[in-house]
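Here is how names work: the chains are called A, B, and so on, in the same order as the sequence lines, proteins then strands, and each is numbered from 1.
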Number of protein chains: 2
Amino acid sequence: MAMRTRQSQRRRQVLTRERIVETAVELLDAVGEGALTVRALTGRLATGPGAIYWHIGNMDELLEAATDTVVATALAPRTQPAEAAGTPQDEIRAVALGLFDAVTEHAWLAAQLAVQLTRKPWGPVTLRIFEGIGRPVRTLGVPQGDWFTTTSTLVHYILGATTQNSQATGDGSVPGSEADRAEFLDTASRAWRDLDPDDYPFIRAVANQMREHDDREQFLAGIDLVLAGVTALHPPATSSPADS
Amino acid sequence: MAMRTRQSQRRRQVLTRERIVETAVELLDAVGEGALTVRALTGRLATGPGAIYWHIGNMDELLEAATDTVVATALAPRTQPAEAAGTPQDEIRAVALGLFDAVTEHAWLAAQLAVQLTRKPWGPVTLRIFEGIGRPVRTLGVPQGDWFTTTSTLVHYILGATTQNSQATGDGSVPGSEADRAEFLDTASRAWRDLDPDDYPFIRAVANQMREHDDREQFLAGIDLVLAGVTALHPPATSSPADS
DNA sequence: ACCTGAACACCGTTCAAGT
DNA sequence: ACCTGAACACCGTTCAAGT
């Protein structure tokens, strides 16, 4: 048989790494993290485990690839536009919100971001987010020596906040409606009021705020808090003196 | 260390939930997260799986309990002293460093904090940390309506930063020496310089800082950045008039 | 080169049975 | 009440064999 032409082959869809990752994301979105198994994958793709392992090294690598593609998509619109939207602050908020929304849309993403953060702190996922935040930080008036610290603080906050604000379900199942979310917060808030006043005076004091708070709004408030710190430590005064 | 008679034949040590959790922490510290299995537990405790499951509901619950006890220990000295150490800022830094050091000491803790954060965002672990940070926040001069947001921002940052700064090993194994850490950072820094300049201009620009940065120092710098933001948004001045 | 599918070595969890 | 230990239903991963 003659050598097969490289691309123009249409026939039965070939099994590619890309297609496996894509299917993994679908599976994660549809059934939750616990349901992503090689057997579920082989079922959807109509193959055997050997075929999967021919294209991907192992399950962890697949999870990382799935996370990375979703993060890349979430951040993509930010990296392209030739003209910036507005101030660097706006750009930072936009990147942060892109991640926030992605976590809302993909219930499994929060846990995976956390996993990637701890297990592969400088893997592609973290790198991508770092770059997305760091780029506008450069034009924020911060001396170059503080770029890393400033970006790091923002990234840490963003990842910490997005992971907690996710639609957590306890197990790896798929999250419920917004009403469920409200009920969840209500239950939590009520539980807080029953805590021992000696052990948890603060929690009890903020139980009400907790129930009424808007995740997205508060997420942005946190960003602004950090940005206010940046401005305070590095006043945007005209032509800052010796950065030395 | 005081080696207690592990397998005292005379009086059979009773199996308690406490002892199981304790053994789980030992196992996690010694061999890493991947090694905590019910079979390893039954081996160390000289029982069968049924005995374990009589005391704990399941593996996740055990992991949560192990995490909670370690966090409780890390934060305990802070909650006890009748006389406060110093300023609320100092107190916040102390709590944050307590967690930072605990993560350094227990290599598995970072990943577990992240898991608890996402899977049980208002479970005992998060609650404990929230209380530890929130208490000094009250005396920071922040109006009560902003307590929750302020504390939330600090907690998010702290958890995000501690989890990333942990001695990650990729898999769930136990981390190596400090030299390994240095080599790890060096390798990462070198890899950064090889990135595509078009895709990752920022990362490349900070590659050097990354290699030379001190985790603990930078962690504190981030705390101070957030605290500076708090001060900026809520000036400690004697009831400053309307700023907005 | 790419895929098949049986097989292996685990794993968490259950439960009838013992004390 | 507390514990035993065999058994069940999974899981990720491998590999000789096919095309």
Side-chain angles (χ1 to χ4, degrees), chain A residues 1-24 27-28 31-67 108 111-112 115 119-120 170-173, chain B residues 6-24 27-28 31-67 108 111-112 115 119 170-173:
Chain A
M1 177 197 271
M3 198 136 120
R4 196 186 308 158
T5 49
R6 283 238 323 274
Q7 292 181 346
S8 53
Q9 280 291 353
R10 194 61 184 112
R11 58 162 208 163
R12 177 79 49 79
Q13 196 164 10
V14 225
L15 189 61
T16 63
R17 182 188 158 95
E18 227 176 30
R19 207 158 83 89
I20 296 174
V21 172
E22 189 182 306
T23 309
L27 220 36
L28 287 165
V31 227
E33 186 180 349
L36 178 61
T37 67
V38 298
R39 278 164 180 84
L41 235 31
T42 57
R44 278 219 175 196
L45 292 166
T47 52
I52 306 282
Y53 280 90
W54 175 261
H55 291 279
I56 63 149
N58 55 43
M59 215 53 186
D60 278 356
E61 188 189 314
L62 178 57
L63 238 0
E64 177 175 359
T67 305
W108 52 275
Q112 269 312 301
V115 167
R119 278 194 175 3
K120 320 194 88 177
D171 48 33
S173 68
Chain B
R6 183 145 303 171
Q7 8 189 337
S8 71
Q9 261 66 354
R10 290 196 68 246
R11 190 169 66 96
R12 195 122 169 259
Q13 197 166 4
V14 227
L15 191 62
T16 62
R17 182 189 158 97
E18 229 175 28
R19 207 158 84 87
I20 296 175
V21 172
E22 189 183 307
T23 308
L27 221 37
L28 288 165
V31 228
E33 185 179 349
L36 178 61
T37 66
V38 298
R39 278 164 181 83
L41 235 31
T42 58
R44 279 220 175 196
L45 292 167
T47 51
I52 306 283
Y53 281 91
W54 175 261
H55 292 280
I56 62 148
N58 56 43
M59 214 54 185
D60 278 355
E61 188 188 314
L62 178 58
L63 238 1
E64 177 175 359
T67 305
W108 52 276
Q112 269 310 303
V115 167
R119 282 202 177 352
D171 49 34
S173 70

What's the [atom1]-[atom2] distance between [X] and [N], to the nearest Å?
X        : N       : atom1 : atom2 : result
Ile52(A) : dT13(D) : CD1   : C1'   : 12 Å
Glu33(B) : dC11(C) : CD    : C1'   : 15 Å
Leu62(B) : dC11(C) : CG    : P     : 15 Å
Leu45(A) : dC3(C)  : CG    : P     : 10 Å
Ile56(A) : dC2(C)  : CD1   : C1'   : 15 Å
Tyr53(A) : dC8(C)  : OH    : P     : 17 Å
Glu61(A) : dG12(D) : CD    : P     : 15 Å
Leu41(B) : dT4(D)  : CG    : C1'   : 16 Å

### Query
Between Arg17(A) and Glu61(A), is the closest basic N to carboxylate O distance under 4.0 Å?
yes

### Base paired to dT13(D) (Watson-Crick or G-U; both N/O distances under 3.5 angstrom)
dA7(C)

### Task
For dG18(C), give its Watson-Crick or G-U wobble partner with both distances under 3.5 Å, or none.
dC2(D)

#### Entry: Minimum-distance pair of heavy atoms, taken over all atoms of Ala40(A) and Ala35(A)
CB-O, 3.5 Å

### Task
Considering non-hydrogen atoms only, spot the tightest contact between Val14(B) and Arg19(B) and give its length.
O-NE, 3.2 Å

### Message
So Leu36(B), base contact, sugar-phosphate only, or nothing? Heavy-atom distance under 4.0 Å.
### Response
sugar-phosphate

Side chain of [X]: nearest nucleotide among [options]?
X        : options                  : value
Thr37(B) : dT4(D), dT4(C), dC11(C)  : dC11(C)
Ala51(B) : dT13(C), dC3(D), dT13(D) : dC3(D)
Leu15(B) : dT14(C), dC3(D), dT13(D) : dC3(D)
Trp54(B) : dT14(C), dC3(C), dC3(D)  : dC3(D)

### Query
What's the spacing between Ile20(A) CD1 and Leu15(A) CG if we round to 0.5 Å?
4.0 Å

### Task
Nearest 0.5 Å please: distance from the CZ atom of Arg119(B) over to the CD atom of Glu64(B).
12.0 Å

### Summary
Walking DNA chain D from its 5' end, the first of Arg39(B) and Thr16(B) to be reached, judged by nearest nucleotide, is Thr16(B)

### Message
Whether His55(A) contacts dC3(C) is assessed here as follows: a side-chain N or O lying under 4.0 Å from the phosphate OP1 or OP2. Is that the case?
### Response
yes

